[in-house]
Amino acid sequence: MNLNELSLRNFRNYQELSLTFDPGVNLIVGNNAQGKTNLLEAISYLGSGKSFRAQKSSEMVRFGADFADCEGTVFSQEREQRLRWVIFGSSRPRQVWRNGAKKKTAADISGVLQTVLFCPEDLMVLKSGAAARRRLGDHALCQLRPNYEAALAEYGRILDQKSRILKDRFENPAIAEILPEYDLRLCQVGALLISYRARFYEGLGKAAAVYHGHFSGGAEDFHLEYKTVSTVKDPFAPIAVLQDDLMAHLESHRRAELETAQCLTGPHKDDFEVSLSGINLKAYGSQGQTRTAAISLKLAQRQLMGRESGEIPVLLLDDVLSELDPGRQDFVLNQISEGQVFITCCEPGQFTKLGKNIEIRAGQVVED
Ligand code: ATP
Ligand code: MG
């Protein structure tokens with residue numbers, strides 16, 4: 001799939017914009033605060049009805065305007081399709097069209113334009129805490145597997161309820177009697193999560209290793225390992241086995257859970273680890289290696305999504321170039337040849353040989 005054309009009216013700092021894009025790489029260059037990220041936001045919103053930065057959709061309406069209009073032509077599902085959103089500055093509900101027909105919700109346009117975003121915060125995900133990596137993995141897996149999303153939500157609900165019981169039991173000891181019921185449900189749903197994750201991380205790791213190999217000129221051997229509850233010896237084991245493994249771990253931590261009033265065991269603590277040529281990245285990786293490995297993971301996620309739907313999602317890379325050495329920059333600019341890519345950067349000297357170079361200044365395209 002690719003975005004051929006985008007028209008914006010009163011979207012963020014764009015009063016009026018009409019742009020056509022290359023089906024390959026589109027490099028968007030401009031100084032700080034000129035509207036580069038706003039443009040990526042518009043593209044991502046066009047396909048999903050979700051913003052990766054706005055709390056409320058009215059934030060995207062240009063200051064002083066009543067409404068914003070975001071419209072684009074996409075080539076997807078073997079034909080040209082038109083998407084359009086109108087967002088109001090007031091509390092009036094937003095409106096969406098697909099091929100000229102007004103639709104009710106974002107779900108009615110899903111699959112037409114899928115995007116995968118890589119933003120500066122993602123660059124250090126492999127160095128940061130486990131929660132950030134879980135979010136990244138869960139986000140990707142939820143996009144791929146709706147059943148996983150449902151299981152994850154259910155697991156979260158049971159976990160919240162169990163936490164509350166653990167806390168309330170100091171005032172009301174009798175309430176602890178219902179804990180075994182919650183533990184059983186947690187192990188059942190938890191086993192399902194582990195089973196999904198094992199398969200997902202295996203595919204993700206393999207795909208990322210190929211990208212990382214290209215990125216590093218074959219110098220670094222990327223390996224990803226999924227980490228879950230220690231009693232789980234084989235995360236690919238049948239669900240019933242996983243469930244028993246989880247229960248065994250829970251039982252050995254029951255006293256500690258009661259004493260601390262916290263849910264100490266389960267896949268809500270899962271993580272994954274990346275090593276490069278056998279060396280643990282979190283502990284020893286350089287900044288550049290860490291960033292490159294994170295981009296490889298994003299490219300891998302996009303490839304898995306593409307394999308699933310038959311259409312490779314549009315990749316949005318916000319501000320990642322300045323952090324990489326020239327060889328790795330060249331890979332991002334000139335060697336991601338699959339599908340459509342949008343890259344923003346601040347350095348005026350940068351350009352891509354694989355598509356179109358666009359300069360943005362104060363919400364306008366600079367014509368050369
Ligand atoms: P950087 O290189 O610093 O990341 P950028 O080019 O990505 O910069 P954007 O984040 O796209 O910059 O934002 C550009 C400008 O848009 C900011 O100065 C911001 O004040 C302005 N802006 C944001 N929302 C609105 C809005 N609703 N109306 C008008 N201007 C807005
Ligand atoms: Mg920006």
Side-chain angles (χ1 to χ4, degrees), residues 3 5-22 25-72 84-96 113 115-125 287 291 294-295 298 314-324 328-329 332-333 336 340-352 355-368:
L3 178 65
E5 187 260 317
L6 180 74
S7 306
L8 300 177
R9 202 137 57 92
N10 294 328
F11 187 99
R12 295 277 189 192
N13 68 333
Y14 292 98
Q15 186 173 8
E16 189 94 51
L17 178 88
S18 182
L19 256 177
T20 55
F21 301 113
D22 192 273
V25 177
N26 295 273
L27 180 68
I28 298 149
V29 188
N31 286 335
N32 293 132
Q34 303 306 305
K36 302 181 301 294
T37 305
N38 292 345
L39 190 63
L40 297 191
E41 183 186 32
I43 295 170
S44 154
Y45 192 88
L46 183 68
S48 65
K50 284 193 209 119
S51 163
F52 54 76
R53 49 162 37 179
Q55 300 292 322
K56 291 179 292 189
S57 59
S58 59
E59 283 171 35
M60 288 175 281
V61 178
R62 200 164 85 98
F63 302 142
D66 295 331
F67 65 90
D69 198 326
C70 173
E71 188 169 8
R84 180 180 178 209
W85 287 93
V86 173
I87 311 157
F88 295 92
S90 60
S91 57
R92 197 172 152 190
R94 62 188 185 166
Q95 298 172 351
V96 57
L113 174 63
T115 57
V116 170
L117 169 77
F118 189 88
C119 61
E121 293 87 86
D122 296 330
L123 280 168
M124 293 313 280
V125 72
Q287 305 259 347
R291 292 174 177 132
I295 301 175
K298 259 295 137 115
V314 173
L315 180 65
L316 308 175
L317 295 174
D318 195 17
D319 231 356
V320 298
L321 282 184
S322 57
E323 314 285 355
L324 304 174
R328 292 175 198 232
Q329 283 184 355
V332 171
L333 286 169
I336 305 176
Q340 193 178 32
V341 188
F342 290 83
I343 305 166
T344 70
C345 86
C346 296
E347 293 97 73
Q350 297 285 12
F351 70 97
T352 175
K356 187 167 179 174
N357 297 281
I358 300 163
E359 190 181 342
I360 298 280
R361 196 181 301 148
Q364 291 190 326
V365 180
V366 181
E367 308 286 348
D368 48 19

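Counting starts at 1 for both ligands and their atoms, following the listed order. Values in this document were obtained by computation on a predicted structure and should not be read as measured data.
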For [atom], what's the nearest protein heavy-atom neighbour? Residue, atom name and distance, please.
{"atom": "atom 3 (O) of ligand 1", "result": "Asn32 ND2, 3.1 Å"}
{"atom": "atom 28 (N) of ligand 1", "result": "Phe63 N, 3.0 Å"}
{"atom": "atom 18 (O) of ligand 1", "result": "Ala33 CB, 3.6 Å"}

Among Arg94, Arg53, Lys50, exactly one meets side chain to side chain donor-acceptor pair (under 3.5 Å) together with Tyr45. Which residue is that?
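The single option meeting the side chain to side chain donor-acceptor pair (under 3.5 Å) with Tyr45 is Arg94.
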Are side-chain N/O atoms of Ser51 and Glu41 paired as donor and acceptor at under 3.5 Å?
yes
Check the pair Gln364, Gln34 against side-chain contact (heavy atoms from CB on, under 4.5 Å), reporting the backbone distance first and the verdict last.
CA-CA 8 Å; Gln364 291 190 326; Gln34 303 306 305; over 6 Å; no
What class does the angle between the rings of Phe342 and Phe21 fall in, given that below 30° is parallel, 30 to 60° is tilted and above 60° is perpendicular?
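Ring orientation of Phe342 relative to Phe21: perpendicular.
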Using a 4.0 Å cut-off to any heavy atom of [X], which atoms of ligand 1 qualify?
{"X": "Thr37", "answer": "4 (O), 5 (P), 7 (O), 10 (O), 11 (O)"}
{"X": "Cys346", "answer": "2 (O)"}
{"X": "Asn31", "answer": "6 (O)"}

Run the side-chain contact (heavy atoms from CB on, under 4.5 Å) test on Asp319 and Cys346 for me, step by step, so that the C-alpha distance in whole Å, both residues' side-chain angles and the decisive distance to 0.1 Å come before the verdict.
CA-CA 8 Å; Asp319 231 356; Cys346 296; 4.2 Å; yes
Met60 N/O to ligand 1 N/O under 3.5 Å
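No, there is no polar N/O contact under 3.5 Å.
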Minimum non-hydrogen distance to atom 5 (P) of ligand 1, winning option of Gln15, Glu59, Lys36:
Lys36
Determine, considering heavy atoms only, which of Asn38, Asn10, Val29, Leu40 sits nearest to atom 22 (N) of ligand 1.
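Considering heavy atoms of Asn38, Asn10, Val29, Leu40, the nearest to atom 22 (N) of ligand 1 sits in Asn38.
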Once you round to the nearest 0.5 Å, how far does [atom1] of [X] lie from [atom2] of [Y]?
{"X": "Lys356", "Y": "Leu27", "atom1": "NZ", "atom2": "CG", "value": "12.0 Å"}
{"X": "Gln340", "Y": "Leu113", "atom1": "CD", "atom2": "CG", "value": "8.5 Å"}
{"X": "Leu46", "Y": "Phe11", "atom1": "CG", "atom2": "CZ", "value": "9.0 Å"}
{"X": "Arg92", "Y": "Ser58", "atom1": "CZ", "atom2": "OG", "value": "14.0 Å"}
{"X": "Ile43", "Y": "Leu316", "atom1": "CD1", "atom2": "CG", "value": "6.0 Å"}

Checking side-chain contact (heavy atoms from CB on, under 4.5 Å) for the pair Arg291/Val320: CA distance, chi angles, key distance, verdict?
CA-CA 8 Å; Arg291 292 174 177 132; Val320 298; over 6 Å; no
By residue and atom, what protein N/O/S atoms are less than 2.8 Å from the Mg ion (ligand 2)?
Thr37 OG1
If you apply the rule side-chain contact (heavy atoms from CB on, under 4.5 Å), what do you find for Asn10 with Gln15, and how did you get there?
CA-CA 4 Å; Asn10 294 328; Gln15 186 173 8; 4.0 Å; yes
Kindly indicate whether atom 24 (N) of ligand 1 is approached by any protein heavy atom to under 4.0 angstrom.
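It does; a protein heavy atom is within 4.0 Å.
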Atom 14 (C) of ligand 1 protein-contacted, heavy-atom criterion under 4.0 angstrom
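Under the 4.0 Å cut-off, atom 14 (C) of ligand 1 does have protein heavy-atom neighbours.
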Measure Val61 to ligand 1 on non-hydrogen atoms and call it side chain, backbone, both or neither using the 4.0 Å cut-off.
backbone
If you measure from each heavy atom of Arg53 to ligand 1, is any distance below 4.0 Å?
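Under 4.0 Å: yes for Arg53.
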Among the heavy atoms of Gly30, does any lie under 4.0 Å from an atom of ligand 1?
no
The residue among Asp318, Val332, Val29 that forms side chain to side chain contact (heavy atoms under 4.5 Å, CB included) with Ile343 is Val332
